[in-house]
There are 2 protein chains.
Amino acid sequence: MVVADGVIDFGTGLDEAGQMATIKDVAARAGVSPATVSRALSGVSYVSPGIDARIRKAVADLDYTPNRLASNLRRQSSMTIGLLISDVKNPFFAAVARAVEDLATQHGYSTVLCNSDDDLVKERRYLDVLLSERVAGLIVTPADEHASSIAAAVEASVPVVCVDRRIVDADADTVLVDNIGGVGHAVDMLVNGGCSRIAIVVGREQTTTATERVTGYRDGLRRHSIPVDEALIVHSDVRGGDTTALYDDAEGRLGAVIRDENPDAVIITNGPLIPGSLAAITRSGRTVGTDIAVIAFDELALSEYVGLTTITQPTDDIAGQAVRLLLERMAGDAGPSREIVFRPKLVERASSVLTARP
Amino acid sequence: MVVADGVIDFGTGLDEAGQMATIKDVAARAGVSPATVSRALSGVSYVSPGIDARIRKAVADLDYTPNRLASNLRRQSSMTIGLLISDVKNPFFAAVARAVEDLATQHGYSTVLCNSDDDLVKERRYLDVLLSERVAGLIVTPADEHASSIAAAVEASVPVVCVDRRIVDADADTVLVDNIGGVGHAVDMLVNGGCSRIAIVVGREQTTTATERVTGYRDGLRRHSIPVDEALIVHSDVRGGDTTALYDDAEGRLGAVIRDENPDAVIITNGPLIPGSLAAITRSGRTVGTDIAVIAFDELALSEYVGLTTITQPTDDIAGQAVRLLLERMAGDAGPSREIVFRPKLVERASSVLTARP
DNA sequence: TTGAAAGCGCTAACAC
DNA sequence: GTGTTAGCGCTTTCAA
């Protein structure tokens, strides 16, 4: 409430005894029953205008805020959605987290953040907590396509939407990007630019994201009748959030491949792998965009500055659709599960064109 | 429970009727009272070994998980901490969020994520929700040093720890970095490298972070007897998470200053301002590290790759201390408020040394 | 349209 | 050391 010219009184909602007002206090002050107050405030059923006004006045007078804990227990559901992702430090997931949180808030839900590091044990533990908190819904990037713990959540009939990755054990709504097409497009661009020994740096195998991106790579090469050389497929199996480990791993493995296999292009299949991969290229004495072409999945803050060609995912749209699907399920939609696939955008910059062609 | 060679049964915890087991069910099965079950599981008071074993067996048999909603209501507190930051898309905050969430989880707390965009109205709304959810504690980056809504939380005696920024209206524990010293160090390095017209790009004025960093700049110049030229201080007042707006704003404003004032160095005072600032430099026809030196606060994924000298904050330590202080307060510590200041680390790379000195 | 009453599942006094 | 009892604050039957 505004007290005087711009001064806002942020009351504490406490009475003289330091107690929060309850629905009973409001009811007493408005001369009605707690049930009526509940109905008036939740809007579930009609309350006559006079009574309604009295209730609102009492609410204002007492600075009443409903106690969510009580409401939660009674309804056996909290107004929260669980967001279980691999790691918020990954800019892709950060963008998703941001968009999910914004939309959840707009619909009255809080967002509980969980970072699984793609660790099935952690994932399971988070899910346990989330379920025991009776979250209204779940947005998850499964650590493994056979993510049995997520299947359990689905069976416990908590609405679940998978983002970025699929699961095969249960059917859940899924929102992701056309990984095969995205990488395929990158392969096309590189081949058309004259590259023929294209290496690819891939994250953990257990996610559908990683496997699909490799499939896109194989399919792409096949389309151009270029044989797949398994030695050019660089697997990093570092898990989750350890930036340094990821960096070192990508640098080491790709560095070796560059030395031994002499690729003329590299596709980096996710954001966290980019720094180490670029370092590997530099330390091998190559120059990105001059004697080795590079295309990377995901956008980093400085991708544009360094002229890195990227396959960019529409994070806002992905999160938007995920929340929309989740809200529909939470509203009781029991239809068959849906999958929404976005086409990633190839943002062409200097790194994907070789200037030092012979 | 492991059923057979590696197969794990993730039971749903439902009985034949599809109902979750309650503490009463466990009590009945173990032949004790619900209170004893509660005590055994929470460990608050001694329970004789035999009974304890029976209880644990019953818990396992029924696949019982305590209902947190009930526990929350009874205790008038949820096992949740509120994390109210400006924007998770900012890598600094993402790193803090990650570390906070990890530690919170280790101590049995869930983390609710809120992005305020440094908007006082949003901040207030989030705080209202968080308080009505009876969070056990709050970790906040106040949008404004006169953040009355946070003061209200402090008065409602919810433990609060401020991170990255101070508030002046209330006393709350605070964990941050020595901004003045950090920027001062950067100024020293630039001046010692021969720069004398040092521009600085600063974020919103209302946060203590921004003002302190400018103070560090002024103090630094004064130490070297270089007069402060106000025209070299570039203020961006874009708020919160709009990456594009920040980019454009920083680029436009710094671009103008480079054209008009011909600085030989730029200090960029936070991560989100870096891309636009670097773009401004490039588009003005200058080259970072050749004819214009650059030092930037905060680390980005590609800072090392582009050779950007940075003033790096120890995000894990910051978050670690914030959580530690918060846990102490939640445990009832009512001592005077504390402030923990970390020294940022100057990571010297190519951008801060001018190679094209006459 | 409104009220009375029950109860969500747990925990904390207080007894024994 | 364990049981009994009461009640956290709300929502939702059910009845009037």
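Proteins get letters first, then strands, A, B, ... in listed order; numbering begins at 1 in each.
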What is the nucleic acid contact for Ile51(B), judged by heavy atoms within less than 4.0 Å: base, sugar-phosphate only, or nothing?
-> sugar-phosphate
Of the candidate nucleotides dC10(C), dA4(C), dT4(D), which contains the atom at the shortest distance from the side chain of Ser33(A)?
-> dA4(C)
Identify which nucleotide among dT2(D), dT1(C), dC8(C) has an atom closest to any side-chain atom of Leu73(A), counting heavy atoms from C-beta outward.
-> dC8(C)
Just checking Arg68(B): base, sugar-phosphate only, or nothing, at a heavy-atom cut-off of under 4.0 Å?
-> nothing
Arg29(B) and Asp25(B): salt bridge (Lys or Arg N to Asp or Glu O under 4.0 Å), yes or no, with the steps?
-> CA-CA 6 Å; Arg29(B) 192 167 233 270; Asp25(B) 301 328; over 6 Å; no
Asn67(B) CG - dT11(C) P separation (whole Å) = 10 Å
For the pair made of CG in Leu62(B) and P in dG9(C), what is the distance, rounded to whole Å?
-> 14 Å
Rounded to the nearest angstrom, tell me the gap between atom CD in Gln76(B) and atom P in dA6(D).
-> 20 Å
Under 3.5 Å, is there a donor-acceptor pair linking the side chains of Asn72(B) and Glu133(B)?
-> no
Please tell me which of the listed nucleotides, dC10(C), dT4(D), dT11(C), lies nearest to the side chain of Ala35(B)?
-> dT4(D)
Using heavy atoms to find the nearest nucleotide of DNA chain D for Pro34(B) and Arg134(B) separately, return the residue whose nucleotide is more 5′.
-> Pro34(B)
Describe the nucleic acid contact of Val32(B) in one word from base, sugar-phosphate, nothing, applying a heavy-atom distance below 4.0 Å.
-> sugar-phosphate
Spacing between Arg75(B) atom CZ and dG9(D) atom P, to the nearest angstrom | 14 Å
Which whole-number value in Å describes the distance from Asp25(B) CG to dC10(C) P?
-> 9 Å
For Arg74(B) and Thr36(A), take the nucleotide of DNA chain D holding the closest heavy atom to each; which residue's nucleotide lies nearer the 5' end?
-> Arg74(B)
Considering non-hydrogen atoms only, spot the tightest contact between Asn115(B) and Tyr126(B) and give its length.
-> O-CE1, 3.3 Å
Side-chain N,O (Ser38(B)) to OP1/OP2 (dT11(C)) below 4.0 Å = yes
For Tyr64(A) and dC10(D), is the shortest distance between a side-chain N/O and OP1 or OP2 below 4.0 Å?
-> yes
Do any N or O atoms from the side chain of Arg134(A) and from the backbone of Leu131(A) form a donor-acceptor pair under 3.5 angstrom?
-> yes
Phosphate contact (dG1(D) OP1 or OP2) by Ser48(B) side-chain N/O below 4.0 Å | no
Between Ala136(B) and Pro159(B), the two heavy atoms sitting closest are O-CD, 3.4 Å
Quick one: Arg39(A) CZ to dT13(D) P, roughly how many Å, whole number?
-> 11 Å
For dG9(C), does OP1 or OP2 lie under 4.0 Å from any side-chain N or O of Thr22(B)?
-> no
Whole-Å distance, Lys24(B) NZ to dT4(D) P, equals 12 Å
In whole angstroms, how far is the P atom of dT1(C) from the CG atom of Asp52(A)?
-> 13 Å
